[in-house]
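A, B, ... follow the sequence lines: proteins, then strands. Residue 1 opens every chain.
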There are 2 protein chains.
Amino acid sequence: MNGKKISVKDIAEMCNVSVATVSRVINQNGRFSQETEEKVKKVIEKYNFKPNQLAKGLRENKTKAVGIMVPDIGNEYFAKIILSLQTFLFSKGYSLVIYNTNESAEIEKQCVSYLVAQNVSGIIIVNSKTSVFKQLNKDIPTIYIDEYDRYTDVGNVAWLSSDHFQGGYLAAQELIDCKCRDLVVITALKESTVTKIRTNGFVAACEERGISLQKERIFSPSKVDFNEGKTIVKRIIGSGMHFDGIFCQTDWLAAGALEALLDKGIQVPDQVSLVGFDGISISQFGRMPITTIVQDTALIGKKAAKLVLRMIEEQKKTKKQHILVPINLVRRKTTRKK
Amino acid sequence: MNGKKISVKDIAEMCNVSVATVSRVINQNGRFSQETEEKVKKVIEKYNFKPNQLAKGLRENKTKAVGIMVPDIGNEYFAKIILSLQTFLFSKGYSLVIYNTNESAEIEKQCVSYLVAQNVSGIIIVNSKTSVFKQLNKDIPTIYIDEYDRYTDVGNVAWLSSDHFQGGYLAAQELIDCKCRDLVVITALKESTVTKIRTNGFVAACEERGISLQKERIFSPSKVDFNEGKTIVKRIIGSGMHFDGIFCQTDWLAAGALEALLDKGIQVPDQVSLVGFDGISISQFGRMPITTIVQDTALIGKKAAKLVLRMIEEQKKTKKQHILVPINLVRRKTTRKK
DNA sequence: TTGAAAGCGCTAACAG
DNA sequence: CTGTTAGCGCTTTCAA
């Protein structure tokens, strides 16, 4: 507290033991008499001593830190994942260092540099767009959430995501159950793998039920936000295309779409049904509560944390794996079964 | 990349210079010939070498990392601050390690331990409820956002927040301008200093304009969320208390309040005007766009980052300071001037 | 302008 | 059961 920070050496001196002994009782390995243990513990307690993690990390060539890279912490979906992740890691004594890439490939690269220079023991990459993997030291456990690098075929890597196919499937099912026949989908980001998977699930359900969905009924926005959803739906309406069901692959898109519908005096769900995706709060508390496919961010975060910790601890490369997290439809006011 | 990680020593050998020289060119201090500089730089470039930050930190007894402690990353207000903070820190070569306290005093304490053991160079504490300060090494620059510890009268500490008084003041002014006379306020967390300041600002404006606001018209929720806002307003309506203007000290509260009003068939803003606080997205995209006092999270984050960096760099204790960030009212559909 | 060497705080191998 | 010591990768005197 007062100026100089205390170290194992200080503790050792005060206890009349060696630093090695102190280290042993701190880490509870090796042998020591109960007597010394108590003596040392007492002094540690008294001075509220915490071993310097930098030194420990340097020595052991590993740290109790994992890094995460997300496109946008301000986005509720990512924030919730981080929340869950951090909570779990913390309970295991790990800390989380966080990088926001703002979707920039440039920044992503820099982040990775930082991460390895900082000696994090594990890396979690959410929704990366660039093939950042080549930069990574292949020894450090890395787990991708959602988007993943298809070239990720070497090294200590895993991939985790919601069951997006099932998500798309459920959305189509719901719309069809509501007797919608003329479907329209507004996808998430075009280049994204996740987008494709969701769309595939949607299309699969349509085909199963004998509903056709032409290509020109699938719209890909340039951004994924409220205004974009609104704009696209207005444009669709303007074009005269008939539709009675919309699947928006993002709740923000759905919220915008909903507003466009309501503005035009279209009854929801009577004339048009709407299903969103993500399960963030706007789906619950927007203009109208929106039926949506909710991703279990708490579970995603927890599973990711567990996995990365396991990979760190086992050290030996865990076999490559892809973990699928279940996804659910929550029915609210924008759909009604008929 | 292949197994072993490269170090200054390796670089030195490859260049036929000493590690000292390598270190010098990396950090651009001391002298070296242009020739050696180029040679060394080339090799560093070639191997994409990044100095081990653990070793550097250990040696220099400081790190390029700052820690932040927030109650809930999932909360948009905090998330946006973190976003801005991280972005700025990153641009200066610093990383951000993040802790979620979940409002638990127990966890807060642990977090602080972790933070100092990790040798972060600066700490940012958002909305801490407990007097966590005593635990802190007083040498490490600490900045409080919003709530601050009144016992914080020693050490390298600063305090930063929105101008909450002005926020409360503006809210009252708006309501009064809308010809509301029977005001009601639903505060944020009762124990919070910020709550008191907002309320003070509100009351000050009322008094200035000759509007009275009795104590029993100020409600303090036990939680600060949608449902609580809704419940309280329903209860007020049920009690028969007359009111024509509500100030909710949180947008979530306001959103809930709005729903209660609408559910009861009360016209907003014709019968009752409503002002929220924070400026998060629910205020913009909820049932109705809510007039609110918006906090400039981008600015808060940036100022906090700048301040903590300055404190770290100057090292000498900066004089104690309190930075006030301007706050604004954004008028939307829940108020209309008369 | 450069190199040799000490040392940051810690752990682990080895010796006792 | 405990102590001595080397060394993790880096920066920084001090000396050349």
Anything under 3.5 Å between a protein N or O and an N or O of nucleotides 12-16 of chain D, put it in a table, one pair a line.
{"unit_1": "D:dT12", "atom_1": "O4'", "unit_2": "B:Arg59", "atom_2": "NH2", "d": "3.3"}
{"unit_1": "D:dT13", "atom_1": "O4", "unit_2": "B:Arg24", "atom_2": "NH2", "d": "3.4"}

Whole angstroms only, please: what is the CD1-P distance between B:Ile26 and D:dC10?
7 Å
Which nucleotide sits closest to the side chain of A:Arg31: D:dC1, D:dG3, C:dG9?
D:dC1
Between B:Ile323 and B:Leu307, what is the shortest heavy-atom contact and its length?
CD1-CD2, 3.8 Å
For A:Leu58 and for A:Ser18, locate the closest nucleotide of DNA chain D by heavy-atom distance; then report the residue assigned to the nucleotide nearer the 5' terminus.
A:Ser18
Spacing of B:Gln118 atom CD relative to C:dG9 atom P, expressed in whole Å
17 Å
Could you tell me the separation between the CZ atom of A:Phe32 and the C1' atom of C:dA12, rounded to a whole number of Å?
15 Å
Rounded to the nearest Å, what distance is computed from the NZ atom of residue A:Lys64 to the C1' atom of nucleotide C:dC10?
15 Å
Angle between ring planes, A:Trp159 versus A:His322, binned at 30° and 60°: parallel, tilted or perpendicular?
parallel
Considering only heavy side-chain atoms of A:Thr36, the closest of D:dT2, C:dG3, C:dG9 is D:dT2
Nearest-Å distance, CG (A:Asn61) to P (D:dG9)?
7 Å
Look at all strands and tell whether A:Asn16 reaches a base, only sugar-phosphate, or nothing, counting heavy atoms closer than 4.0 Å.
sugar-phosphate
To the nearest angstrom, how far is B:Lys50 atom NZ from D:dG9 atom C1'?
17 Å
Are A:Phe88 and A:Tyr94, when compared by the centres of their aromatic rings, separated by less than 6.0 Å?
no
In this structure, how many angstroms lie between the C1' atom of D:dT2 and the CD atom of A:Glu37, rounded?
14 Å
May I ask you to evaluate whether A:Lys56 reaches the phosphate of C:dT11, defined as a side-chain N or O under 4.0 Å from OP1 or OP2?
yes
Name the closest nucleotide to the B:Ser33 side chain, picking from C:dT1, C:dG3, C:dC10.
C:dT1
Say whether, by atom type as modelled, one donor and one acceptor occur between the side chain of B:Ser161 and the main chain of B:Asp146 under 3.5 angstrom.
no
Hey, is the main chain of A:Asn100 close enough, under 3.5 Å, to the side chain of B:Gln86 for a donor-acceptor pair?
yes
Does A:Ile140 offer a backbone N or O that forms a donor-acceptor pair with the side chain of A:Thr142 under 3.5 Å?
yes
Given atom CG of A:Asn52 and atom P of C:dT11, what is their separation to the nearest angstrom?
10 Å
Can a donor-acceptor pair be found between the side chains of B:Ser128 and B:Glu108 at a distance below 3.5 Å?
yes
